[in-house]
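Encoded as structure tokens, the structure appears first; notes follow it.
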Protein chains: 2
Amino acid sequence: MVTIRDIAKEAGVSVSTVSFAFNDSGPVAPETKEKIFEVIRRLNYQPNSAARGLAMQKTNTVCLYTPHPGSAFFNFSGNSTFSDLLQGVGEIIDQKSYNLLLSWDNAREDLPRALRLARQQSVDGFLFMLPSHETDMLEELTALAVPFVVMGRKEDISAVNTVDVDNFDAAYRNTKHLIDLGHSRIGFVSPGPEEYLVCSDRLEGYQSALTDNDCVQDPALVFIGNDRQESGYEAATAFCSLTTPPTAIVAGRDVQAIGVLQYAREHGLRVPQDVAIVSFEDSALAKEYGLTSIRTNLYDIGRESARLLFQIVSRKKQRAPQNVILPSELVIRTSCGATDSTDATARSR
Amino acid sequence: MVTIRDIAKEAGVSVSTVSFAFNDSGPVAPETKEKIFEVIRRLNYQPNSAARGLAMQKTNTVCLYTPHPGSAFFNFSGNSTFSDLLQGVGEIIDQKSYNLLLSWDNAREDLPRALRLARQQSVDGFLFMLPSHETDMLEELTALAVPFVVMGRKEDISAVNTVDVDNFDAAYRNTKHLIDLGHSRIGFVSPGPEEYLVCSDRLEGYQSALTDNDCVQDPALVFIGNDRQESGYEAATAFCSLTTPPTAIVAGRDVQAIGVLQYAREHGLRVPQDVAIVSFEDSALAKEYGLTSIRTNLYDIGRESARLLFQIVSRKKQRAPQNVILPSELVIRTSCGATDSTDATARSR
DNA sequence: CTGAAAGCGCTTACAG
DNA sequence: CTGAAAGCGCTTACAG
């Protein structure tokens, strides 16, 4: 491989001059600079990143830390989760010309991978996509003064940087919206297992809205779903087998809402007249099926997290951690009955 | 951060001895070693990766190079593509304790990102997930003697290392299977745009099977679909509006097959009696819906590619490139009519 | 504007 | 078995 010395020799200048020219970090005479760049281009020179990193104490790469790729969480919010998130993160990474290290925990190892990477100074910062708390790790990272931001939790561990949509609030608003439309018996489909913060937050938001508005809190009206359309269908089946079925359903994610719609269609239930539906995500599906849904975009979370991380990385001195709450927007369509609705099921496909 | 000198000082030995002990790369007296490790543990020492990389000329990271995260290709084979692939790659990466750099092309830059990374010696090798040929880049990489393997193409550019399932063969067998069952008018739903090798290979396999067996080749029987269930539904709609609809359909991917099933159910067509269906992927969906499908697992491709890459990376001298073709298996279920079929639509949900 | 030199934190012959 | 020293390829004060 071609090194800076090769360039210096070929251009007849010193190594430092080449460095100054290449990085535009020192005064170099125009003609000298020109000559140097001619050689650089001719030899396809690129500075060795390890050498540069060592000298500058900087890697130019950030680590996106996720649960194991095979885990359910990885694909958590439906089809596009991770790729949406990645797109948001990638946009900023691109912009900054950084590298992205993708890492996850390895059961075989004692030391969390992120900690090792931090101690090795392999990356300049971390973006965490954590299914649950890992307080110890985050504390050590803080102690080491390694920049990081946690994505997708609303917990006010105000000691760390976080970016999230307020899932509690989103669920609260979703539910409240149905209540305002006159519903009081409302079913809830959890987007996934309760261990996930997203899920418990949404559940709690739903419950609080009910409580605050003196509505029934029936455990039979809560169904733990997953990322498959089927789970929405199953939830609807369960709800409708009750003596008093709910008149409205809060689906934890758009695919589940589709499952509910399917059930409704197959069983001659009109939406929203017989059952009103609201959902989360506002994915392409929501648009297609006329679902009222709350926009909780992982793309935004990815982008804002990355932005925040770069802010921290580039700051010299420590600052108080930031807790970014992304606005979520209730997008009203036909499935909830708030508009002078054409029947949503009629849209079929 | 704690350096090797800190350890040496604290343990009262030289820096080289610490290095020998830590890496088990030289003779160290047992007591010395013990003392050293005590200090290492106490101070949470991990060698600086840039320094180590510079000294050893090795980064311990490989790059998974993909189209831009936002691109359609990224999510190409349906829901789980990338995460499946990643799981396969991740498994091997974990095993080798390597790092994974995720990279993609940036429209704003002239130089392909992979080339820059290679020249910078930022990674030890590449895993390419390319939608199309990038011959120039691959050639320079070869010239630079940078190890890489290309995933997901069957082109016999035998000059580079590749890993793929034989999509042509898979489509051929899928189609032949239907022909053997007595069908001669067979529709084909492309899994995506024809520019993608996967798609053109599958299309050609389908066409060859028809030609070899004297079946009709009707352009109206080829529908270009995408990664959505709807495209299967639309294909079925198009096919059934023909004067002579096909009696069997080769769906380019499982979700499309589901779309076809849905159409069949809604229009009272029995599967496989009225229309037989075969598909690709053998995803969880195929199992659930009793689809006959060809197993073309991206998990396998990821795993085998990573394995091959590590083989190359660890080899000292260059060897002739390998072209790995992964076996694909035709999994017969009820949708094709080969078994004494219970009606596949009856399974509904 | 330019260059010689120290230093980033490791590894690895080479002596002892 | 142990240590002093060179070297990996950069950057960056410091002199000139």
Side-chain angles (χ1 to χ4, degrees), chain A residues 1-37 39-40 43-61 99 116-124 144 316, chain B residues 1-37 39-40 43-61 99 116-124 144 316:
Chain A
M1 288 285 175
V2 22
T3 73
I4 198 174
R5 298 193 51 181
D6 298 326
I7 305 298
K9 204 170 301 172
E10 182 79 11
V13 296
S14 79
V15 155
S16 20
T17 303
V18 175
S19 178
F20 288 152
F22 187 89
N23 300 305
D24 200 22
S25 53
V28 181
E31 321 85 70
T32 317
K33 191 175 247 177
E34 203 166 315
K35 173 66 181 161
I36 290 174
F37 272 107
V39 178
I40 284 179
L43 304 190
N44 284 336
Y45 170 73
Q46 282 285 342
N48 176 296
S49 58
R52 183 179 239 198
L54 181 57
M56 303 185 70
Q57 299 286 58
K58 178 167 194 344
T59 61
N60 246 274
T61 109
N99 291 135
R116 177 137 72 100
L117 290 170
R119 293 182 188 160
Q120 288 177 150
Q121 298 162 76
S122 294
V123 299
D124 295 337
L144 290 175
K316 322 94 273 291
Chain B
M1 288 284 177
V2 22
T3 73
I4 198 172
R5 296 193 53 180
D6 298 325
I7 304 300
K9 204 171 300 172
E10 181 79 11
V13 296
S14 79
V15 156
S16 21
T17 303
V18 175
S19 177
F20 288 151
F22 188 89
N23 300 305
D24 201 21
S25 55
V28 181
E31 320 84 72
T32 317
K33 191 175 248 176
E34 204 167 314
K35 174 66 182 160
I36 290 174
F37 272 106
V39 178
I40 284 178
L43 304 190
N44 284 336
Y45 170 73
Q46 282 283 343
N48 176 296
S49 58
R52 184 180 239 198
L54 181 57
M56 302 184 69
Q57 299 284 62
K58 177 168 195 343
T59 61
N60 246 274
T61 109
N99 290 137
R116 175 138 71 102
L117 291 170
R119 292 182 188 160
Q120 287 177 152
Q121 297 163 77
S122 293
V123 298
D124 294 337
L144 290 175
K316 322 100 265 295

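Computed over heavy atoms, backbone and side chain alike; hydrogens, waters and symmetry mates excluded. Residue numbering restarts at 1 for every chain, and letters A, B, ... go by the order of the sequence lines.
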Non-neighbouring partners of A:Ser16 that pass side chain to side chain donor-acceptor pair (under 3.5 Å), sequence neighbours left out: A:Ser14

[atom1]/[X] to [atom2]/[Y] distance, rounded to the nearest 0.5 angstrom?
X: B:Leu144; Y: B:Gln121; atom1: CG; atom2: CD; result: 9.5 Å
X: A:Asp124; Y: A:Gln57; atom1: CG; atom2: CD; result: 10.5 Å
X: A:Arg52; Y: A:Ser19; atom1: CZ; atom2: OG; result: 7.5 Å
X: B:Ile36; Y: B:Glu31; atom1: CD1; atom2: CD; result: 11.0 Å
X: B:Asp6; Y: B:Ile40; atom1: CG; atom2: CD1; result: 11.5 Å
X: B:Gln120; Y: A:Asn99; atom1: CD; atom2: CG; result: 7.0 Å

Set of ring pair (Phe, Tyr, Trp, His ring centres under 6.0 Å) partners for A:Phe20, sequence neighbours left out: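 So A:Phe20 forms no ring pair (Phe, Tyr, Trp, His ring centres under 6.0 Å) with any residue.
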
Pairwise side-chain contact, [X] with [Y], heavy-atom cut-off 4.5 Å (strictly under):
X: B:Arg5; Y: B:Val18; answer: no
X: A:Asp24; Y: A:Lys33; answer: yes
X: A:Gln46; Y: A:Asn44; answer: no
X: B:Thr3; Y: B:Asn48; answer: no

Watson-Crick or G-U stems of DNA chain C, 3 or more pairs, under 3.5 Å, by first number: C:1-3 with D:14-16, C:5-12 with D:5-12, C:14-16 with D:1-3

Selection: residues 12-31 of chain B, any non-hydrogen atom under 4.0 Å of DNA chain C: B:Val15, B:Ser16, B:Ser19, B:Phe20, B:Asn23

Contact boundaries on DNA chain C for chain A, cut-off under 4.0 Å to non-hydrogen atoms: C:dC1 to C:dG9

Residues touching DNA chain D, which here means a heavy atom under 4.0 Å, drawn from residues 48-56 of chain B: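 Contacts with DNA chain D under 4.0 Å: B:Leu54, B:Ala55.
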
